[in-house]
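Inspection log for the structure reproduced underneath, given as structure tokens.
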Amino acid sequence: MSRRNTTLAIGQGRGRLSPCVCNTLRMVTRVVTQLYDDCLRPSGLRVTQFSILVAIARLGEASLKQMEDELAIDQTTLTRSLSLLERAGVIERAPHSDGRIKAMRLTWKGKRTLEVARPLWAQAQGKVLRELGTKAWADAQRRLTRLHHVAVKKRRRGREGRARAAEG
């Protein structure tokens, strides 16, 4: 990347962001996560936990696979977060017709925790949208959704190629 393009990518006087897309996304994600975590602190939840509870609430009960797909999160991280939420008493295992499938649902305490957390999350969301602008966020969200789809597709192709190579 030329010096001119690097300057455009990081902006002047706005902090030093990396010209690397991945690193920049990770840097921004960390500070935005901290903002949401700070706002959610009175609820006892972190934004990652809040997102899991919202997904479970939306689905009624959710299997690990559903949550992995819904949240684009790896199984190890999800399992660790679910264990913490289960120990806290905000989720519980839901019986599933296929005993091999681990499904979770909100407990009464989880529903109450989510009720407390929603306005705190809205406060964080409002702060970010006021700073960024709703129109700019809509554009960014559209572009990030496209990037997500491209990355997921390439990752799947890579896995399929490695699996075929291992078989052959």
Side-chain angles (χ1 to χ4, degrees), residues 21-132 134 137-138 140-163 166:
V21 172
C22 182
N23 193 44
T24 297
L25 289 172
R26 290 175 59 86
M27 290 168 67
V28 171
T29 299
R30 280 191 294 272
V31 295
V32 172
T33 297
Q34 290 168 0
L35 184 147
Y36 277 78
D37 284 347
D38 289 346
C39 288
L40 283 167
R41 190 163 286 116
S43 73
L45 294 175
R46 298 177 65 90
V47 71
T48 50
Q49 296 167 328
F50 174 81
S51 298
I52 291 169
L53 294 184
V54 167
I56 294 171
R58 185 174 39 253
L59 295 168
E61 63 181 50
S63 70
L64 260 72
K65 181 67 176 135
Q66 286 173 304
M67 286 185 274
E68 286 174 35
D69 292 344
E70 180 87 9
L71 299 167
I73 190 170
D74 67 275
Q75 187 175 1
T76 302
T77 303
L78 178 61
T79 301
R80 188 177 334 114
S81 295
L82 290 174
S83 294
L84 291 171
L85 292 168
E86 193 172 13
R87 275 199 304 271
V90 294
I91 62 171
E92 63 187 3
R93 290 178 192 246
H96 196 278
S97 58
D98 183 341
R100 298 171 295 174
I101 295 177
K102 182 179 178 181
M104 305 304 283
R105 65 180 171 210
L106 296 180
T107 63
W108 177 87
K109 183 179 178 183
K111 291 175 185 172
R112 180 70 190 123
T113 300
L114 204 48
E115 285 177 25
V116 169
R118 281 185 198 273
L120 300 171
W121 172 87
Q123 178 187 15
Q125 185 84 348
K127 284 181 180 182
V128 172
L129 290 177
R130 276 190 300 281
E131 190 63 37
L132 184 60
T134 53
W137 169 241
Q141 188 176 28
R142 181 180 51 77
R143 291 169 187 250
L144 290 168
T145 298
R146 172 78 180 121
L147 179 60
H148 175 262
H149 289 306
V150 167
V152 167
K153 198 182 298 183
K154 288 199 178 284
R155 189 169 183 222
R156 279 192 193 127
R157 281 192 204 136
R159 284 183 184 162
E160 291 166 1
R162 284 190 300 275

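From a predicted model like this one, the values you see are computed outputs, not experimental measurements. Computation of the quantities below employed the complete heavy-atom set of this structure, encompassing side-chain atoms and omitting hydrogens, waters and symmetry-equivalent molecules.
- You'll find the side chain of Met67 stays beyond 4.5 Å of the side chain of Ile73, heavy atoms only.
- Atom CD1 of Ile52 sits about 5.5 Å away from atom CG of Leu82, to the nearest 0.5 Å.
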N/O donor-acceptor pairs under 3.5 Å from side chains in residues 121-131, not counting sequence neighbours:
| residue | atom | partner | partner atom | Å |
| --- | --- | --- | --- | --- |
| Gln125 | OE1 | Tyr36 | OH | 2.3 |
| Arg130 | NH1 | Gly126 | O | 3.4 |

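- At a threshold of 4.5 Å between non-hydrogen side-chain atoms, the residues Leu120 and Leu45 do not count as touching.
- Atom CD in Gln66 sits 13.0 Å away from atom CE in Met104 (nearest 0.5 Å).
- Qualifying side-chain contact (heavy atoms from CB on, under 4.5 Å) partners for Val150, counting only residues two or more places apart in sequence or in other chains: Arg146, Lys154.
- You'll find the side chain of Ser51 reaches within 4.5 Å of the side chain of Leu71, heavy atoms only.
- Residue pairs satisfying the salt bridge (charged side-chain N to carboxylate O under 4.0 Å, His left out) criterion with at least one member in residues 114-126, sequence neighbours excluded, are listed as follows: Arg112-Glu115.
- Side-chain contact between Pro95 and Arg105 is present, with heavy atoms from C-beta onward closer than 4.5 Å.
- For the pair Thr77/Thr48, no side-chain contact is recorded, criterion being any heavy-atom separation below 4.5 Å from C-beta on.
- Counting all heavy atoms, side chain and backbone alike, Ile56 lies closest to Leu106 at CG2-N, 3.7 Å.
- Across Ser43 and Thr113, no two heavy atoms sit closer than the pair O-CG2, 4.0 Å.
- Residue pairs meeting the salt bridge (charged side-chain N to carboxylate O under 4.0 Å, His left out) criterion with at least one partner in residues 43-52, sequence neighbours excluded, are Asp37-Arg46.
- Checked against side-chain contact (heavy atoms from CB on, under 4.5 Å), Thr76 has the following partners two or more places apart in sequence or in another chain: Asp74, Arg80.
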Taking only distance into account, with no hydrogens and no angle test, what donor-acceptor pairs under 3.5 Å do side-chain atoms of residues 83-91 form with protein atoms, sequence neighbours excluded?
| residue | atom | partner | partner atom | Å |
| --- | --- | --- | --- | --- |
| Ser83 | OG | Thr79 | O | 3.0 |

